[in-house]
Amino acid sequence: MRIEEDVKLDFKDVLIRPKRSTLTSRKEVDISREYKFRWSGKTFKGVPIIAANMDGVGTMDMAKAFMRDGNGLTVALHKHYALDELVDFYTKKTAAAVWYSIGMTPDDEKKLDAFVKKNPGVVEKLCVDVANGYSEGFVDFVKKIRAKHPTLTIMAGNVVTGEMVEQLILAGVDVVKVGIGPGSVCTTRKMTGIGYPQLSAVIECADAAHGLGGLICADGGCTVPGDIAKAFGGGADFVMLGGMLAGHDQAEEKIVEVNGKKYVAFYGMSSDTAMKRHKGGVAEYRASEGKTVKIPHKGDVSASLQDILGGLRSACTYVGARKLKELSKRTTFIRVSQQLNTVFGNE
Ligand code: 5GP
């Protein structure tokens with residue numbers, strides 16, 4: 001047994017120090033980024049915020065809303081669309097706005113192969129998502145996918161430490177997804193005791209990735225727009241959002257009414273709910289590592305996004321970053337013991 005004494009930080013442990021700035025309005029801030037991916041050689045230009053590949057968030061309706069609003073965000077589609085639905089969806093010139101998601105199962109791989117065979121060159125971006133990116137075989141799986149699809153932009157994870165980020169990038173990953181345990185409907189930390197404070201994971205993993213010309217996506221744990229600014233400030237190239245984008249019209253979920261109030265169910269992708277829905281039940285050898293919650297229906301996603309993107313622009317203004325690209329260079333985190341004044345509640 002060993003104890004690491006360094007303090008590791010979560011979003012709640014820090015604030016960003018304001019800096020003198022010549023910017024007069026948040027309208028002057030450009031929150032889009034341009035990246036050239038290390039392996040695929042493709043470029044990305046847009047707002048580097050990704051809707052998580054979860055039921056209720058990574059939906060085709062979400063992608064349609066993002067395209068309708070022209071906001072430059074992308075959606076990692078959840079894994080449970082049928083091949084026909086995916087083929088039909090991709091014919092509508094949606095490829096730039098979405099990440100096709102797979103896990104490590106032979107079924108997912110077969111579905112991707114079938115898709116690519118039918119529609120060569122159509123999928124641009126792939127998200128290979130497993131709960132535990134440290135499992136043996138994951139690196140080999142990624143290598144195999146890279147060898148099969150040399151021009152595909154591959155995002156893969158999740159991991160939380162620099163050495164694993166490096167290994168994945170060298171294995172062919174363009175964007176490493178970072179985060180174990182911080183998610184809003186994740187119970188991994190509770191069930192297993194495993195995890196890593198998310199802001200430190202982002203800072204350390206970004207450093208490792210950038211040293212090799214790779215990128216990272218901070219996945220999980222953002223609860224308010226300020227957390228997104230902290231993730232970018234810490235060096236994240238992309239930020240993935242689940243809970244913050246859940247509960248909208250675009251969830252493709254039933255809206256239920258309780259005592260005159262509208263709610264939408266939201267659940268972790270390894271929760272009982274997800275396993276019952278997609279796999280016919282929780283396998284005996286594994287515990288559920290996600291929970292199911294009922295969240296107030298939030299209407300169309302564009303209103304929430306106005307808040308989220310407005311908060312990010314404002315953060316850039318406070319530190320004098322004219323572009324999102326400058327935010328991390330201009331970020332000084334200060335450690336705090338309190339974030340919010342809660343005298344009138346926690347909102
Ligand atoms: P959020 O933005 O809601 O805090 O976090 C979203 C992320 O939580 C997802 O992108 C995914 O990485 C993670 N996640 C989703 N479902 C589950 C689950 O059932 N268990 C765990 N451990 N993590 C989950």
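Numbering of ligands and ligand atoms starts at 1, following listing order.
Between Gly221 and ligand 1 there is a heavy-atom distance shorter than 4.0 Å. For the ligand labelled ligand 1, residue Met244 lies outside the 4.0 Å heavy-atom shell.
Every N/O-N/O distance between Gly183 and ligand 1 stays at or above 3.5 Å. Ligand 1 has a nitrogen or oxygen under 3.5 angstrom from a nitrogen or oxygen of Met269. Distances between N or O atoms of Thr187 and those of ligand 1 include no value under 3.5 Å.
Within the set Gly220, Cys186, Gly242, Gly179, the minimum heavy-atom distance to atom 2 (O) of ligand 1 is found for Gly242.
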Quiz prompt | Test side chain to side chain donor-acceptor pair (under 3.5 Å) applied to Asp61 and His248, step by step | solution = CA-CA 10 Å; Asp61 280 357; His248 294 95; over 6 Å; no
Quiz item: Do Lys19 and Thr332 pass the side chain to side chain donor-acceptor pair (under 3.5 Å) test, and can you show the C-alpha distance, the side-chain angles, and the key distance before you say yes or no?
Solution: CA-CA 9 Å; Lys19 288 213 167 99; Thr332 303; 2.8 Å; yes
Practice problem: Report the C-alpha distance between Tyr81 and Phe89 in whole Å, list the side-chain angles of each, state the deciding distance to 0.1 Å, and finish with yes or no for ring pair (Phe, Tyr, Trp, His ring centres under 6.0 Å). | Solution: CA-CA 10 Å; Tyr81 287 113; Phe89 184 70; 7.4 Å; no
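Under 4.0 angstrom from ligand 1, the non-hydrogen atoms of Asp219 all belong to its side chain. Contacts between Lys291 and ligand 1 below 4.0 angstrom, taking non-hydrogen atoms only, are absent altogether. Here Asn158 has side-chain heavy atoms under 4.0 Å from ligand 1, and that is the only part of it that gets that close.
Interface atoms of ligand 1 facing Met240, defined by a heavy-atom separation under 4.0 Å, are 10 (O). Less than 4.0 angstrom separates some heavy atom of Gly243 from each of these atoms of ligand 1: 1 (P), 2 (O), 3 (O). Residue contact check: Thr188 has heavy atoms under 4.0 Å from atoms 21 (C), 22 (N) of ligand 1. Close approach of ligand 1 to Glu289 (heavy-atom distance below 4.0 Å) involves ligand atoms 18 (C), 19 (O), 20 (N), 21 (C), 22 (N). Close approach of ligand 1 to Ala52 (heavy-atom distance below 4.0 Å) involves ligand atoms 10 (O). Counting atoms of ligand 1 from 1 in the listed order, those under 4.0 Å from a heavy atom of Ser271 are 19 (O). Of all atoms in ligand 1, listed by their number and element, those nearer than 4.0 Å to a heavy atom of Leu241 are 2 (O). The Ser270 neighbourhood of ligand 1 comprises atoms 18 (C), 19 (O), 20 (N), with distances under 4.0 Å to a heavy atom of that residue.
For the side chain to side chain contact (heavy atoms under 4.5 Å, CB included) criterion with Val293, the lone passing option out of Tyr267, Tyr263, Phe266 is Phe266.
In this structure, atom 14 (N) of ligand 1 is not in close contact with the protein, since no protein heavy atom lies within 4.0 Å of it.
When all heavy atoms of Gln339 and Val14 are compared, the pair lying nearest together is NE2-O, 2.7 Å. Between Val178 and Cys205 the shortest heavy-atom distance is CG2-CB, 3.6 Å.
Protein heavy atom closest to atom 3 (O) of ligand 1, with residue, atom name and distance, is Ser184 OG, 2.5 Å.
In this structure, Lys148 pairs ionically with Asp113, as a charged nitrogen and a carboxylate oxygen lie closer than 4.0 Å. Ionic pairing of Arg277 and Glu253 is present here: one or more N-O contacts between side-chain nitrogen and carboxylate oxygen are shorter than 4.0 angstrom.
Counting side-chain heavy-atom gaps under 4.5 Å among Ile, Leu, Val, Met, Phe, Trp and Tyr, the cluster of Leu15 also holds Ile334, Val336.
Counting non-hydrogen atoms of neighbouring residues, nucleotides and ligands closer than 6.0 angstrom, the CZ atom of Phe141 exceeds 12 such neighbours.
Lys111 places no side-chain N or O within donor-acceptor distance of the main-chain N or O of Ala82, the cut-off being under 3.5 Å.
Listed by first and then second residue, the salt bridge (Lys or Arg N to Asp or Glu O under 4.0 Å) pairs involving residues 292-307 are Arg68-Asp300 (not counting sequence neighbours).
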